[in-house]
Amino acid sequence: LDTYYYIYLLCLGQYYSLLQLAQEVSTLPTDDRMYFARNSILEKMMDKIHIFNLKNNYSQIGHLTQHNEFYEYLQKRLGINKMQDELEVELQSLYEMVDKKQKIRNTERYKILTIISAIFVTIQTFVNVSSMYNSFALKDWNQFGFGFAGIGVAAVFAIIILLLGKLDDHLTDSNDRKHKRI
């Protein structure tokens, strides 16, 4: 009788812990800007769910079949597994929504940076080419060398911008895969 009582208390503890987590999830802010920082509210909540899973999931509660059946019955009756799955799904969908908004915002920022950089590189290249043309006409080889070096610097700057964009895309894709595994 004591064992059944302890199993009942264990299931009630799991149930009320999940209710508390569900209440915390329901009070999460809907503004995606609240989730930008590392260790954001959303990541902390996901950690709490994972810790709950580690501490409170038992495949067998005892050595007697009746105890295990009673435990499974209580979990089913209280809806513990269903509530746990719903919490994980809701947090995952919230994470995906926030992540999507952040990607859109980052893409817009990257496009603006790319346009500004392209304008700068184009102007710099035009100035360097005209300087090279003038120095070639005047046979000023020092000035010609500086113009050629300026074109090289502009090209390196353009390549760096392109590589940073590719790196950002790669990091975003790897983060997506990491969180989909969770």
Side-chain angles (χ1 to χ4, degrees), residues 17-18 20-57 83-182:
S17 294
L18 282 171
Q20 181 182 5
L21 287 172
Q23 192 275 332
E24 288 181 34
V25 168
S26 69
T27 60
L28 287 175
T30 55
D31 185 14
D32 64 302
R33 293 185 178 139
M34 298 294 290
Y35 302 109
F36 277 139
R38 289 271 184 226
N39 274 336
S40 70
I41 302 165
L42 187 58
E43 290 175 357
K44 288 178 184 176
M45 185 56 64
M46 290 175 121
D47 289 344
K48 285 182 181 181
I49 297 277
H50 292 302
I51 289 170
F52 175 83
N53 289 338
L54 287 172
K55 289 184 174 181
N56 294 303
N57 279 340
M83 191 185 316
Q84 188 176 357
D85 291 341
E86 288 173 358
L87 275 173
E88 289 175 2
V89 167
E90 290 300 319
L91 276 175
Q92 188 65 31
S93 64
L94 180 61
Y95 175 80
E96 288 172 2
M97 179 201 68
V98 168
D99 193 47
K100 184 177 181 181
K101 287 184 178 183
Q102 286 177 349
K103 282 181 188 176
I104 291 169
R105 196 171 288 121
N106 288 342
T107 301
E108 290 170 355
R109 288 180 185 153
Y110 179 71
K111 284 180 183 177
I112 291 170
L113 177 68
T114 303
I115 291 170
I116 291 171
S117 300
I119 291 170
F120 172 75
V121 167
T122 304
I123 291 171
Q124 186 65 31
T125 303
F126 178 74
V127 167
N128 287 331
V129 166
S130 69
S131 171
M132 286 175 62
Y133 178 75
N134 288 337
S135 64
F136 184 73
L138 297 174
K139 299 195 190 254
D140 184 6
W141 301 116
N142 288 334
Q143 187 67 24
F144 184 81
F146 283 127
F148 189 74
I151 290 175
V153 168
V156 167
F157 187 67
I159 291 170
I160 289 173
I161 291 171
L162 290 173
L163 290 177
L164 286 176
K166 299 276 185 190
L167 179 64
D168 184 50
D169 291 342
H170 177 70
L171 291 176
T172 303
D173 291 341
S174 66
N175 272 344
D176 287 346
R177 281 179 267 165
K178 176 181 131 188
H179 286 292
K180 284 183 181 179
R181 280 185 270 155
I182 291 175

Practice problem: Carefully, step by step, assess L94 and M45 under the rule side chain to side chain contact (heavy atoms under 4.5 Å, CB included). | Solution: CA-CA 11 Å; L94 180 61; M45 185 56 64; over 6 Å; no

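- Between atom CE of residue M46 and atom CG of residue L87 there is a gap of 11.5 Å, rounded to the nearest 0.5 Å.
- Applying the salt bridge (charged side-chain N to carboxylate O under 4.0 Å, His left out) criterion to E90, with sequence neighbours excluded, gives no partner residue.
- Rounded to the nearest 0.5 angstrom, Q23 CD and L18 CG are separated by 13.5 Å.
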